[in-house]
Amino acid sequence: MSSQPPLGEFDIIEKFFQRSASRPDVLLGVGDDAALVTVPENNQIAISTDTLVEGVHFFSDIPPRALGHKALAVNLSDMAAMGAEPRWVTLAITLPEIDEAWLAQFSKGFYDLAEYFNVALIGGDTTKGPLSITVTVHGVVPEGKALRRDGAKPGDWVYVTGNIGDSGLALAHLQDKISLNPQQLELSLKQHYYPQPRVLAGYGLRDIASATIDISDGLYNDLQHILRKSHCSAVLNLDSLPLSETMNEAVGVDQSIALALNGGEDYELCFTVPESNKGSVDTSLSFSGIQFTCIGQLAPGHGEIKLKYQDKPYQIEPTGWDHFN
Ligand code: ADP
Ligand code: MG
């Protein structure tokens, strides 16, 4: 039996992370000391980084293809939340060992999403150690058009894209807090492992939203960031929360609300729209094919969120947000 010598750092890069960059604005990609890109005129560069650490952000048995997808998706979601067009990414990966089958799947998950959004992997770093993945994304946005957290005003309407809470539903199952049937698990795990960054919605919101954020830590926490930066409070109408059929079928009303508000990792967009632009939301988002729902309205304040359910004030358990503990 002949055994191949183990792959070294450069073999790994060449084999799994060096597909030729298809973008004409990449002058130099993987393989030199730094990448070189051409920046379009009258645009600003939006830059964001996110790290995923084993045991903190994902369990060790996560399918490697899902991990590759998610590591990129969470970064593209930040571009969506800025209304920016993601163009170039770098990948710093720390691996405990070289497992070619694992790397092939990871790389597939990463590149499938990158190619879908025409994003080029232009560099990175490969090291040995506890499993951790850091992606940095660079995007472009026309000057002055970026969607920020600090532009909302009292009276603006609060919206979210897609359905919320399904990723948290899957996580609750993985943590043995609830038990989903196989079909419910499959549908919610798809949201948990393969979130679809709302990049196209971000473009549509550039001219109509007063503030935008992507929901990574749960709607409640992330909306608070907009409220604090914009000096507002909010009233949320929980009857209008967009919940999936899976959610409605799998858990009761209080648990659905808890998951929608605090489940986290939905990677949907939460955005605010002034009354004067309310009629344009439909047209602005229709080309993206992405569902959106109005869930409340802003008032003057300092970050407070009032919850209403069936026209009555609604309280989340005082012991905390997590109804499953
Ligand atoms: P240097 O020693 O000059 O920092 P490295 O040996 O770290 O270069 O990397 C060699 C080349 O491979 C560089 O162009 C770097 O950007 C790229 N690279 C390293 N790791 C990755 C990775 N995981 N994904 C994409 N490109 C990578
Ligand atoms: Mg290096």
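Both counts, for ligands and for their atoms, begin at 1 and track the order of listing. Note that the coordinates shown come from a computational prediction; the quantities given were computed from them, not determined experimentally.
- Against a heavy-atom cut-off of under 4.0 Å, F10 is close to the following atoms of ligand 1: 6 (O).
- For the atom pair CD1 (I295) and CG (N237), the distance works out to 9.0 Å, reported to the nearest 0.5 Å.
- Looking at D32, T126, V30 and measuring to atom 13 (C) of ligand 1, the nearest heavy atom belongs to D32.
- With no hydrogens or angles considered, a side-chain donor-acceptor pair links S244 and D166 at under 3.5 Å.
- With G123, G29, A92 as candidates, the residue nearest to atom 25 (C) of ligand 1 on a non-hydrogen basis is G123.
- Counting the atoms of ligand 1 from 1 in the order shown, those under 4.0 Å from a heavy atom of D125 are 7 (O), 19 (C), 20 (N), 21 (C), 23 (N).
- Close N/O approach between I93 and ligand 1 is not found [any backbone or side-chain N/O within under 3.5 Å].
- Qualifying salt bridge (Lys or Arg N to Asp or Glu O under 4.0 Å) partners for E100, counting only residues two or more places apart in sequence or in other chains: K15.
- Listed by number with element, the atoms of ligand 1 under 4.0 Å from a non-hydrogen atom of D33 are 3 (O).
- The aromatic rings of F292 and Y159 sit tilted, their planes meeting at an angle between 30° and 60°.
- Note on residues 63-90: pairs passing salt bridge (charged side-chain N to carboxylate O under 4.0 Å, His left out), not counting sequence neighbours, are D25-R87, K70-E265, E85-R87.
- With a 4.0 Å cut-off on non-hydrogen atoms, E9 touches ligand 1 through its side chain and not its backbone.
- If you run ring-ring contact (aromatic ring centres under 6.0 Å, His included) between H69 and each of Y267, F110, Y194, only Y194 comes through.
- For ligand 1, the atoms sitting less than 4.0 Å from at least one non-hydrogen atom of G31 are 11 (C), 13 (C), 14 (O), numbered in the order shown with element in parentheses.
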